[in-house]
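Here's the structure we're looking at; comments come further down.
Just so it is clear, the structure is predicted and the values come from calculations on it, not from any experiment. Note on naming: letters A, B, ... go to the chains in the order of the sequence lines (proteins, then strands), and numbering restarts at 1 for each one.
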Amino acid sequence: MEGAGTEADTADGDARIVAAVLAGDDGASNELFARHAPMVFRVARRVSGDAALAEDLVQDVFVRVFECLPNFRGDSRFTTWLYRVAVTTCLNGVRRPRRIRRVEVSIEDRTLSRGAEREPLVLRMALSKAIDDLPPSLRLPLVLFALEGLSHREVAGALGISEGASRRRVSEARALLRSALDLDPREGGSDGQ
Amino acid sequence: MDSDSRLDRLLEEVARHDRLESERIARRLRPDTRARPQPDRMLSSASTAVPASARTAGKRVTRGLGALAAALLIGLAIGRWSAGSRTPAPPVPPIAVEQLRAAAPMPLWLPVEEVRDRGTSLLVAVREGPTHTAEVEARARDLLWATRRLLDAPAAVDPEQLALLAELEWILVRLAELGPDADPGDVAATRASIQSRDLIGRLHRIEAGPGAGE
């Protein structure tokens with residue numbers, strides 16, 4: 001996760017680039033794309049469950065971003081606004097009747113034994129698949145909070161839900177993940193929130 | 001370590017892996033022509049800031065320019081028409097109907113052959129190559145596109161072929177996602193999948209050519 005100083009620098013940089021894009025600077029639009037395409041790809045990949053489709057969705061998101069940029073008022077950080085556009089565009093994108101293939105982060109060819117002796121790689125793949133299997137209402141808050149490092153306030157802003165709902169959904173998602181990975185809940189503490 | 005700490009650690013691992021993967025993929029992504037600022041939209045939003053009187057004056061100028069352009073176009077069209085009536089048009093070659101008929105099945109069966117040959121060659125390279133390479137990844141991505149096009153095409157109506165193509169697609173996705181710095185265990189698992197599904201042998205047995213898949 002980025003530090004506070006870095007976040008401030010990033011926000012300043014974003015504001016400068018957005019102003020340049022709105023002034024018609026082509027180089028700035030490329031810079032904006034290069035700067036945020038990885039984040040948009042991660043969101044698209046987690047929403048769609050398909051890396052190839054996610055690449056298409058990245059383009060869709062930036063089409064939308066450049067369409068809507070004149071309406072960005074700067075009330076929130078640019079990245080919060082971008083998360084909101086990315087999530088909405090990707091959800092609409094996967095609802096369209098195009099072929100959607102879930103990428104199976106399959107572990108069928110590997111031995112998955114339960115317990116502490118499982119390899120970290122296998123556990124990571126199993127967790128990644130378990131996240132993809134969560135229902136979207138739980139998956140998106142978890143992805144934004146736990147993987148993207150947003151605060152509950154930012155998650156709430158990006159998804160159009162309350163902060164309380166964000167906390168509850170992340171907590172519920174974590175419980176499902178613990179259960180999917182067979183991590184013993186009796187040893188559990190708080191949800192790290 | 002309690003279950004929450006283990007989950008946190010694993011989530012950090014997933015986040016780190018996702019970041020590395022997304023940065024690798026985003027490096028080769030370029031904004032397509034649609035994903036650029038639309039000057040007309042920018043202008044339309046900017047026009048709201050222009051005073052109404054100025055907008056009206058602008059409209060008058062635009063209308064005048066439009067009328068001038070229309071007059072020029074009509075003049076050009078009349079000129080071309082009168083020139084055309086004096087010069088005989090070049091002879092149009094007769095349409096080779098037989099040739100068109102022969103070519104018609106091409107789009108249906110050519111990709112099957114293409115996917116079969118390129119797929120076999122790629123899977124043999126993966127089976128026999130010492131490590132996973134960036135070249136394999138690039139070839140898998142290219143072939144993935146052709147395979148998906150074929151899956152969406154009417155040629156792929158044979159259910160057996162469809163099943164094979166879907167399996168091939170799945171393997172190609174894995175190969176494309178492994179990346180050059182893939183874990184050797186993942187590479188081995190992918191190779192084992194290719195072997196256990198007999199993908200190479202089944203691809204060999206695909207019949208392509210006119211009539212295949214009809």
Quiz item: With a 4.5 angstrom heavy-atom cut-off, which part of A:Ile131 approaches chain B: side chain, backbone, both or neither?
Solution: side chain

Quiz prompt | Side chain, backbone, both or neither of B:Arg16 within contact of chain A (heavy atoms, under 4.5 Å) | solution = neither

Exercise. Let me know if B:Leu11 has heavy atoms under 4.5 Å from chain A in its side chain, its backbone, both or neither.
Key: both

Quiz item: Rounded to the nearest 0.5 Å, how far does CG of A:Asp133 lie from CZ of A:Arg139?
Solution: 8.5 Å

Practice problem: Check side chain to side chain contact (heavy atoms under 4.5 Å, CB included) between A:Ser162 and all other residues, then give those that pass, not counting sequence neighbours. | Solution: A:Ala165

Practice problem: Would you mind telling me which of A:Arg64, A:Arg42, A:Met39, A:Arg46 has the largest number of heavy-atom pairs within less than 4.5 Å of chain B? | Solution: A:Arg42

Quiz item: Does any pair with a residue in residues 34-61 of chain A pass ring pair (Phe, Tyr, Trp, His ring centres under 6.0 Å), and if so which ones, sequence neighbours excluded?
Solution: A:His36-A:Phe78

Quiz item: With a 4.0 Å cut-off, would you call A:Glu154 and A:Arg77 a salt bridge?
Solution: yes

